[in-house]
Amino acid sequence: SFLILWAEKVQAENQILKLEVEKEDCQQGIAQAADDYQRLSNEIAQKTKRKEELIADRATSNVFQEKNRLEAEKAHLEQERNRLAALLNNTALEIKKEAQALCSVCNSIVDWSCDSCLDALLQAASNMVEAYGALCQCTSDSFRNALSHFETAQQVTAQFSKCLRDAAYHVETHLADVEGNIDSAEAVLSNLRRNVKPYPKGLLDLKKRIEDYLSQKSTPKVSVEILADVLEIADGQDSWRGAVEGYLNTQKFYLLVSPEFYRDALTLYDRIKHDYPQQSFGLVDIGKLREKGFAPAWDDSLAKKVDTSNPLARDYIDYLLGHVVCCTHVQQLRKHKTAITADGMVYSGYVARPIPKDRMEDTFIGKKAVELRIARIESDLQGLKVEQQRWLPIHNQLNKEKNREFLFTQRFVQDELVQRQADYLRGLEILQRIDKIVDQISHLDLFWVAKLDEQINALEKEVKELEGKRTQCSE
């Protein structure tokens with residue numbers, strides 16, 4: 001046990017001795033590091049002082065001062081030139097995008113196949129394509145040219161904008177008319193398919209009021225007929241339908257009342273006539289016609305082209321059309337006092353005149369009139385729908401474009417583009433001045449300054465190396 005303790009004591013004393021030696025070595029190392037740190041700091045201070053002296057010497061040099069002044073001016077000019085170049089490029093890009101967009105729109109308008117009502121717009125669009133074509137390639141160099149091309153673009157743009165608004169209004173109005181006509185035609189078709197003819201407004205109402213009034217005075221119920229409803233075009237005479245329809249015109253809407261009820265009907269009509277201020281419906285006095293008498297209808301008269309089983313209608317048609325001679329050729333008309341051809345040329349009172357086509361096609365006579373009207377209105381409706389589809393894309397594009405904000409306004413041309421021209425010229429001046437500055441710098445005697453720069457750079461490098469060594473000493 002004693003021996004073990006003694007061995008441990010000896011081992012501890014040896015360890016202490018070893019640590020004492022290491023301590024002495026560390027103290028010597030610290031002292032050496034402190035000396036090195038101080039020495040390096042002194043060297044850094046000396047070299048830094050020398051560098052500052054050289055910098056001060058360089059700063060007092062007239063050549064160095066002139067070089068700094070010229071380089072500062074050059075940097076300022078380059079900054080200004082970059083700012084102006086950005087403005088020129090941005091405006092040029094803006095013009096290029098506007099030109100490309102408008103050329104696309106105007107080319108599509110020029111390709112429209114439409115009525116002469118849009119001729120002004122198509123011409124304005126063509127002028128736009130011509131004026132904006134060159135602007136599709138607009139660059140900053142475009143501002144060195146005169147303003148005339150930009151002014152032309154502004155003028156054609158103003159005209160195009162006006163034509164756009166006018167055309168949009170015209171097409172919208174036209175399309176509304178077409179759609180209104182479609183609605184009307186579909187409503188008329190619906191009634192015709194229920195065998196209801198599109199009589200003038202108020203006619204059926206007047207007919208019913210007279211019937212109701214007369215029926216109060218008689219039994220059975222009194223019937224009042226519309227002339228067109230009790231007539232038929234005679235067999236084999238369909239080619240004369242237009243002539244009959246057109247010649248009768250509004251007379252085919254006259255009302256037929258039995259002679260014994262005519263006075264009462266006339267009394268009522270006189271009392272209520274102001275209920276139909278826009279119409280002039282007729283009440284045929286067959287009784288007076290028969291009383292006065294009339295010549296029989298001629299065999300070649302227009303009356304023979306009409307059949308009816310209604311005696312009142314027969315008498316009135318024979319009276320009205322019985323002496324209107326039917327001619328196969330227009331040159332035959334002059335042989336008669338009153339005559340007509342199948343295609344509607346009328347001769348009367350020594351005057352030849354055509355019946356308007358719409359009156360001849362306005363079919364009301366007989367049962368077949370409904371079929372004919374349905375066929376005609378279906379054809380018209382198809383044409384209206386084709387017209388609607390033709391104008392809808394035009395209408396939509398015009399509505400889209402009519403409120404477009406155009407870039408080329410008078411303010412843009414006279415203010416912004418004038419300024420861009422000035423910016424372009426200023427950019428050229430700056431380039432010239434920069435070239436001159438570079439030339440001036442190249443002619444400065446910078447040999448002494450260059451030598452100072454070399455020494456300053458060398459000292460700066462040495463200081464950095466010494467600072468690195470000093471940092472290692474402090475660790």
Determine whether Thr157 and Met128 satisfy the following criterion, side-chain contact (heavy atoms from CB on, under 4.5 Å), listing intermediate values before the conclusion. CA-CA 7 Å; Thr157 300; Met128 288 282 284; 3.8 Å; yes
For the atom pair CG (Leu121) and CD1 (Ile109), what is the distance rounded to the nearest 0.5 Å? 5.0 Å
Residues Leu203 and Phe281: closest non-hydrogen pair is N-CZ, 3.5 Å
Leu206 vs Gln279, side-chain contact (heavy atoms from CB on, under 4.5 Å): CA-CA, chis, key distance, verdict: CA-CA 11 Å; Leu206 175 61; Gln279 305 293 349; over 6 Å; no
Within a strict 4.5 Å, meaning less than it, do heavy atoms of the Leu102 and Phe406 side chains meet? yes
Looking only at heavy atoms, what is the nearest atom pair of Ser301 and Gly322, with distance? CB-O, 2.9 Å
Could you check whether Lys304 pairs with Asp300 (Lys NZ or Arg NE/NH1/NH2 to Asp/Glu carboxylate O, under 4.0 Å)? no
Can you check whether Lys402 reaches Glu172 side chain to side chain, under 4.5 Å on heavy atoms? yes
Minimum heavy-atom separation for Arg290 and Leu312, please, with both atom names. NH2-CD2, 3.7 Å
Main-chain N/O of Arg263 paired to Thr267 side chain as donor or acceptor, under 3.5 Å: yes
Side chain proximity check, Gln388 to Leu175, heavy atoms < 4.5 angstrom: yes
Inter-residue atom distance Phe143.CZ - Leu84.CG, 0.5 Å rounding: 12.0 Å
Using 4.0 Å as the upper bound for N to carboxylate O, is an ion pair formed by Arg420 and Asp423? yes
Before giving the answer on side-chain contact (heavy atoms from CB on, under 4.5 Å), spell out for Trp240 and Val306 the whole-Å C-alpha distance, their side-chain angles and the decisive distance to 0.1 Å. CA-CA 9 Å; Trp240 286 91; Val306 180; over 6 Å; no
Pairing of Lys74 and Glu71 as salt bridge, 4.0 angstrom limit: no
Can Lys208 and Asp205 be counted as an ion pair, charged N to O under 4.0 angstrom? no
Ion pair present between Lys368 and Glu371, side-chain N to carboxylate O less than 4.0 angstrom? no
In Å and rounded to the nearest 0.5 Å, what is the CD to SG distance from Glu130 to Cys106? 12.0 Å
At what distance, to the nearest 0.5 angstrom, does CG of Leu289 lie from CG of Asp315? 6.5 Å
Under a plain distance cut-off of 3.5 Å, with no hydrogens placed, do Asn310 and Thr308 share a side-chain donor-acceptor pair? no
Would Ser161 and Arg165 count as having a side-chain donor-acceptor pair, cut-off 3.5 Å? yes
In short, Tyr213 meets Asp264 closest at the heavy-atom pair CE2-O, 3.5 Å
Proximity of Phe253 and Phe364 rings by center, below 6.0 Å: yes
Of all heavy-atom pairs between Leu302 and Ala243, which one has the smallest distance, and what is that distance? CD2-O, 4.3 Å
Do Tyr247 and Thr338 have side chains that approach each other closer than 4.5 Å (heavy atoms only, starting at C-beta)? yes
Considering only heavy atoms from C-beta outward, does the side chain of Ile226 approach that of Leu255 to under 4.5 Å? yes
Glu245 bridged to Lys252 by N-O distance under 4.0 Å: yes
Can you tell whether the side chains of Glu186 and Lys385 come within less than 4.0 Å, N to carboxylate O? yes
Between His170 and His174, how do the two ring planes meet: parallel, tilted or perpendicular, split at 30° and 60°? parallel
Do Tyr347 and Val325 come within less than 4.5 Å of each other through their side chains, counting heavy atoms only? no
Under the 3.5 angstrom rule, does the side chain of Lys221 hit a backbone N or O of Glu211 as a donor-acceptor pair? no
Closer than 4.0 angstrom, basic N to acidic O: yes or no for Glu78 and Arg81? no
Rounded distance (nearest 0.5 Å) linking atom CG of Leu77 with atom CD of Gln432: 12.0 Å
For the side chain of Thr91 and the backbone of Leu87, is there at least one donor-acceptor N/O pair under 3.5 Å apart? yes
Ionic contact status for Arg193 with Glu378, cut-off 4.0 Å: yes
Quick check against the 3.5 Å criterion: does Thr341 have a side-chain atom that pairs as donor or acceptor with the backbone of His329? no
Steps toward side-chain contact (heavy atoms from CB on, under 4.5 Å) verdict (Arg376, Glu361): CA-CA 8 Å; Arg376 181 173 64 83; Glu361 294 179 350; 4.0 Å; yes
How many angstroms lie between atom CE of Met360 and atom CD1 of Ile355, to the nearest 0.5 angstrom? 5.5 Å
So which atom in His149 and which in Ala134 form the shortest heavy-atom distance, rounded to 0.1 Å? NE2-CB, 3.9 Å
Is the shortest heavy-atom distance from the side chain of Leu248 to the side chain of Tyr254 under 4.5 Å? no
Tell me whether Glu66 is salt-bridged to Arg69, with the criterion being a basic N under 4.0 Å from an acidic carboxylate O. yes
Any side-chain heavy atom of Leu192 within less than 4.5 Å of one from Pro198? yes
